[in-house]
Amino acid sequence: MAGFKADFLWGGAVAAHQLEGGWQEGGKGISVADVMTAGRHGVPREITEGVIEGKYYPNHEGIDFYHRYPQDIKLFAEMGFKCFRTSIAWTRIFPRGDELEPNEAGLQFYDDLFDECLKYNIEPVITLSHFEMPYHLVTEYGGWRNRQTIEFFVRFAKAVFTRYQKKVKYWMTFNEINNQANFNEDFAPFTNSGLHYKPGEDREKIMYQAAHYELVASALAVEAGHAINPEFQIGCMIAMCPVYPLTCDPNDMMMSVNAMHRRYWFADVHVRGYYPKHTLNYFARKAFNLDMTEEDLRILQRGCVDYIGFSYYMSFATKATEDNPRLDYDETKSLVTNPWVKASDWGWQIDPVGLRYSLNYFYDLYQQPLFIVENGFGAIDKLEADGTVDDSYRIAYLGDHIREMKKAVEEDGVDLMGYTPWGCIDLVSAGTGEMKKRYGFIYVDKDNEGKGTLARSKKKSFDWYKEVIRSNGENL
Ligand code: P53
């Protein structure tokens with residue numbers, strides 16, 4: 001019944017494209033994040049054909065972390081971070097994606113960033129691909145629909161594993177690889193896999209093909225990483241939104257089981273090294289005929305991940321309907337509002353108990369170490385005249401989630417490595433491109449139109465989280 005481990009990895013999480021800015025500095029190439037404009041709740045971000053003059057692309061400047069990181073890392077150190085999760089922008093290392101040699105200026109940037117973290121004993125936790133693949137790979141190769149992308153990704157992974165083998169121990173391959181289960185919308189397939197669908201294409205089949213290539217690439221990266229440094233801990237990264245049955249009607253329950261199959265088979269492949277039978281049967285029923293070789297299947301078995309990283313923000317609910325006798329799950333149609341929980345201003349259902357459920361779900365299935373690498377409350381903050389922000393609602397959200405995570409550890413016995421709340425410093429929202437959907441302990445003076453001084457200030461949650469870390473999760 002002890003609490004969190006003594007070496008529990010408390011920290012915070014961000015992604016390169018959402019905060020670095022410097023989109024053309026140090027030889028960086030254009031990424032998929034650089035061709036997305038800002039949207040808002042209910043209005044999707046526009047994906048443009050290349051960068052168009054006169055349009056506003058919020059990721060181009062981000063919060064200028066590229067130039068300001070020493071000051072920001074110092075604030076993280078002041079909160080007592082044990083780790084800092086960020087990603088390496090693929091386009092800083094391979095600007096177009098298909099070069100043979102990495103870009104030295106990009107490599108040097110991350111050397112400097114990691115040194116800055118290590119100076120404060122902050123362990124970097126690094127995602128290789130976090131919604132920021134080179135745009136050139138999209139226009140020239142079709143993104144992950146093309147098998148050749150595996151080779152480009154593995155070259156990138158080997159270059160950074162080799163370069164940072166003494167500085168980085170914790171890695172993840174693909175951020176929220178399963179977001180693309182929502183293939184009927186444009187955002188997830190594009191950000192996960194660089195997929196631009198043409199009218200009339202079989203979106204679902206192409207998504208499964210792309211995901212298969214990513215899973216093979218992930219396994220090859222895991223294998224290569226362990227050869228470079230056997231101490232590496234390389235995980236997967238799953239967007240965990242458990243799909244509850246709306247009622248205890250057996251058909252609702254079965255609808256939920258199917259939904260979980262469609263959203264989480266990705267984790268089965270990463271962790272176990274083979275496809276679950278239900279997924280193979282689904283491919284057969286749909287006559288997808290994917291390009292999946294015997295060699296691919298051997299590679300998957302050799303590259304199982306060391307831990308399961310996952311994000312948790314919300315839970316979903318679903319129900320069976322008469323027009324859907326096979327109880328097939330379509331994320332754009334099958335979700336319903338859960339009457340038992342409240343939602344954020346962006347419609348994300350707030351459900352702390354769902355985090356305990358999720359930890360149990362993963363641990364029951366896999367018995368592998370778990371790492372909560374994102375969790376947080378996107379909300380509108382008000383900067384007071386004296387420079388403070390009273391974000392008591394964020395403290396309540398995080399505290400409630402940490403209490404449930406503690407029960408999962410103490411009562412249920414799950415093996416939890418760490419907790420890195422999302423957007424520990426305000427940054428550009430991935431889903432909407434907004435600045436006003438804020439998650440941070442640190443406020444950044446910048447608005448949705450890109451105006452502001454970029455000055456940093458501490459919110460009320462800053463000192464609160466500092467005490468959470470100091471007390472190893474005892475004082476919430
Ligand atoms: P934003 C959807 C559902 C769950 C997590 O999201 C998601 C998304 C995509 O919007 O993304 C993750 O910024 C992602 C981060 C992202 C964060 O959650 O839309 O890994 O890049 O910023 C929060 O509020």
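Whatever order the structure lists ligands and atoms in, that order sets their numbers, starting from 1.
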Take Lys459 and Asp426 through the test salt bridge (Lys or Arg N to Asp or Glu O under 4.0 Å) and record every step on the way to the result.
-> CA-CA 11 Å; Lys459 302 183 195 175; Asp426 291 348; 2.8 Å; yes

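Residues passing the salt bridge (charged side-chain N to carboxylate O under 4.0 Å, His left out) test with Asp64 are Arg68, sequence neighbours excluded. Applying the ring-ring contact (aromatic ring centres under 6.0 Å, His included) rule to Tyr213 yields no partners; only residues at least two apart in sequence or on another chain are considered. Residues satisfying the side-chain contact (heavy atoms from CB on, under 4.5 Å) criterion with Glu116, sequence neighbours excluded, are Tyr69, Pro70, Ile73, Lys119, Tyr120.
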With the criterion set at N/O pairs under 3.5 Å, what does the list of contacts between the protein and ligand 1 look like, atom names and distances included?
| from | atom 1 | to | atom 2 | distance (Å) |
| --- | --- | --- | --- | --- |
| ligand 1 | 11 (O) | Glu176 | OE1 | 2.9 |
| ligand 1 | 13 (O) | Ser429 | OG | 3.2 |
| ligand 1 | 13 (O) | Ala430 | N | 2.7 |
| ligand 1 | 18 (O) | Tyr313 | OH | 3.2 |
| ligand 1 | 18 (O) | Glu374 | OE1 | 3.1 |
| ligand 1 | 19 (O) | Ser429 | OG | 3.3 |
| ligand 1 | 19 (O) | Gly431 | N | 2.7 |
| ligand 1 | 20 (O) | His130 | NE2 | 3.4 |
| ligand 1 | 20 (O) | Asn175 | ND2 | 2.9 |
| ligand 1 | 20 (O) | Glu176 | OE1 | 3.4 |
| ligand 1 | 20 (O) | Glu374 | OE1 | 3.1 |
| ligand 1 | 20 (O) | Glu374 | OE2 | 2.8 |
| ligand 1 | 21 (O) | Gln18 | OE1 | 2.7 |
| ligand 1 | 21 (O) | His130 | NE2 | 2.8 |
| ligand 1 | 22 (O) | Gln18 | NE2 | 2.8 |
| ligand 1 | 22 (O) | Trp422 | NE1 | 3.2 |
| ligand 1 | 24 (O) | Lys437 | NZ | 2.7 |
| ligand 1 | 24 (O) | Tyr439 | OH | 2.5 |

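A salt bridge links Lys28 and Asp34; the closest N-O separation between the charged side-chain nitrogens and carboxylate oxygens is under 4.0 Å. Between Lys458 and Asp463, no side-chain nitrogen of the basic residue sits less than 4.0 Å from a carboxylate oxygen of the acidic one, so the salt-bridge criterion is not met.
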